[in-house]
Amino acid sequence: MSDTKKSFLIINRKAPYGCSAARDALDVALTISVFEQPLSLLFMDDAVLQLLPAQNPAGIGQKNLSANLAMLEMYDIDQLHVCSEALQQRGLRAEDIELNINLLDRSGIATLIKQHDQVLSF
Amino acid sequence: MTLHTINKTPTESSALNNCLASLSDGDALLLIENGVYAAMPGYAELFTRLPASIQCYLLGEDSSARGLNDLNPDFRSIDYDGFVELSCRYNKVVSWF
Amino acid sequence: MIFSIVVTGAPYSSQAADSALRYCKSLLKLEHQIHRIFFYADGVHNASELAVPPQDETNIPSEWAQLAEQHKLDIVVCIAAAVRRGVLDENEAGRYEKSSHNLTLPFVLSGLGQLVEAGIVSDRVVTFGA
Amino acid sequence: MAEILINDQPVPVDPEGFLRNLDDWTPEAAEQLALQEGVQLTEAHWEILTVLRQFYQTFEMSPAMRPLVKAVAAELGPDKGKSIYLMSLFPGSPAKLASKIAGLPKPTNCL
């Protein structure tokens, strides 16, 4: 593994279950962590719906994304940024989310993108 | 400074909206694929509040394919070579789709 | 400059694959280096040897294969995304006891590590999403 | 079709020795799966297998090496939460080998 480090930002914009984006992003995040590169996740737009508690997808034959996201901590992925506007638009409060998150406004998001070397979108 | 590509019309996904909410001064927009429809004059309102430091481009192959003429003059038409040149000029490319 | 490309759209379902192909041709023409092209999510269908578009349409999988052969490009398909969607090479077909395989050469199946490594060594990663 | 004998009952495995049906997993099956890999399960192995199965139950995914080490450290203490310790019990690729014996899904050839 090379000594070079690049910082990665993964932008999540899609709701879970209806398409594979949330899962695709998670798999990439876990791999970046295995490669020990600096990593931040941003949840904006419908992706804040990935953070809802009490998901129970057994009836639709899928894995529980909230269980998977709870695992991020075990991979030392702790930079979880959430668009506050997206939460608000959907009537959600930061307290509803069981993960340790950092709220960002528009300018915070712009800064986050600026700060990272590679940005991957899902 | 970042090059943002958008490949959806303003209404088929939130790509353009999310992108516009995430810009920094000095960034550039590039409309590709269905994204080029956003340069129709009817959508000009969407871009009126952009800071002057944001450069706007569209991919000519995609606008011609769709029969689009007389587009928003704020968008400069480029080809794929121009797309590559922009990718080099800006520090990174963020895709909104 | 060193580029890597990510394609997440299936050919014929979205324009992503075709755009990516054109972008790559421009990169090569302008003498940039393509470190890797990585196919992820529905993008794995770009590697199917069994795609048969009508004769007067672009055969996108074979265009990728030709481009890769001409320019010695590393075209990598995410193995987890691919086997799930039924894009297998000979080895995986054996592993999962399937009677046939359909990965176009010189595409190779590999892990997401190849995407991360591409991000580490490339100056730019450009995603063509569906 | 390949099978292993568990309490004299044949249980189907795939050519790589993974259980075909994860529901067939029992502690006895684990003993047999381990023997196939040349591992004789001891109490020390079982501690790890239990942590691994708990991890899978909680997070619905099998861990890579680092999170496995972290989970073992949290459950069994820092002396055991070391990759060298896991290597001594499950030689080669501990996360993969232990997952196989613990009856977790066959991994895609990732990374």
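Computed from a prediction, not measured in an experiment: that's the story for all the values here. Letters A, B, ... are given to chains in the order of the sequence lines, protein chains preceding strands, and every chain is numbered from 1.
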**Q.** Under 3.5 Å: donor-acceptor pair, side chain of C:T127, backbone of B:S95
**A.** no
Q.
As an exercise: rank C:R22, C:K25, C:H32 by heavy-atom pairs under 4.5 Å with chain B and give me the winner.
A. C:R22
Q.
Which atoms of B:D79 are under 4.5 Å from chain C, going by heavy atoms: the side chain, the backbone, both sets, or neither?
A. neither
**Q.** Residue pair C:A130 / B:K8: nearest heavy atoms and the distance that separates them
**A.** C-NZ, 3.3 Å
**Q.** Non-hydrogen atoms of B:C88 and C:F3 that approach each other most closely
**A.** SG-CZ, 3.7 Å
Q.
If I take atom CG from residue C:L30 and atom CZ from residue B:F83, how far apart are they, to the nearest 0.5 angstrom?
A. 12.5 Å
Q) Roughly how far, to the nearest 0.5 Å, is the CG atom of C:D123 from the OG atom of B:S87? A) 12.0 Å
Q. Measuring from C:F128:CZ to B:T5:OG1, what's the distance to the nearest 0.5 Å?
A. 7.0 Å
**Q.** Heavy-atom pair with the smallest gap, counting every atom of C:S26 and B:V84
**A.** CB-CG2, 3.7 Å
Q. If only atom types and distance count, is the side chain of B:N7 paired as donor or acceptor with the main-chain N or O of C:A16 below 3.5 Å?
A. no
Q. Is the count of non-hydrogen atoms from other residues, nucleotides or ligands lying under 6.0 Å from C:E57 atom CD greater than 12?
A. yes
Q. Is the count of non-hydrogen atoms from other residues, nucleotides or ligands lying under 6.0 Å from C:E31 atom CD greater than 12?
A. no
Q: Would you mind checking which part of C:R124 comes under 4.5 Å of any heavy atom in chain B, side chain (CB onward), backbone (N, CA, C, O), both or neither?
A: side chain
Q: Pick one of side chain, backbone, both or neither for C:V125, based on which atoms fall under 4.5 Å of a heavy atom in chain B.
A: backbone
Q. Under a 4.5 Å heavy-atom cutoff, which of B:V93, B:D62, B:N91, B:I32 has the most pairs with chain C?
A. B:N91
Q: Verify the neighbour count for atom CZ of B:R66: are there more than 12 heavy atoms of other residues, nucleotides or ligands below 6.0 Å?
A: yes
**Q.** Residue part contacting chain B, namely of C:K29, when any heavy atom lies under 4.5 Å
**A.** side chain
Q: Count the heavy atoms belonging to other residues, nucleotides or ligands that lie under 6.0 Å from CD of B:E12, then report whether that count exceeds 12.
A: yes
Q. Is it the backbone or the side chain of B:D81 that comes under 4.5 Å from a heavy atom of chain C, or both, or neither?
A. both
Q | B:F97 CZ to C:S14 OG distance, which is reported to the nearest 0.5 Å | A | 10.0 Å
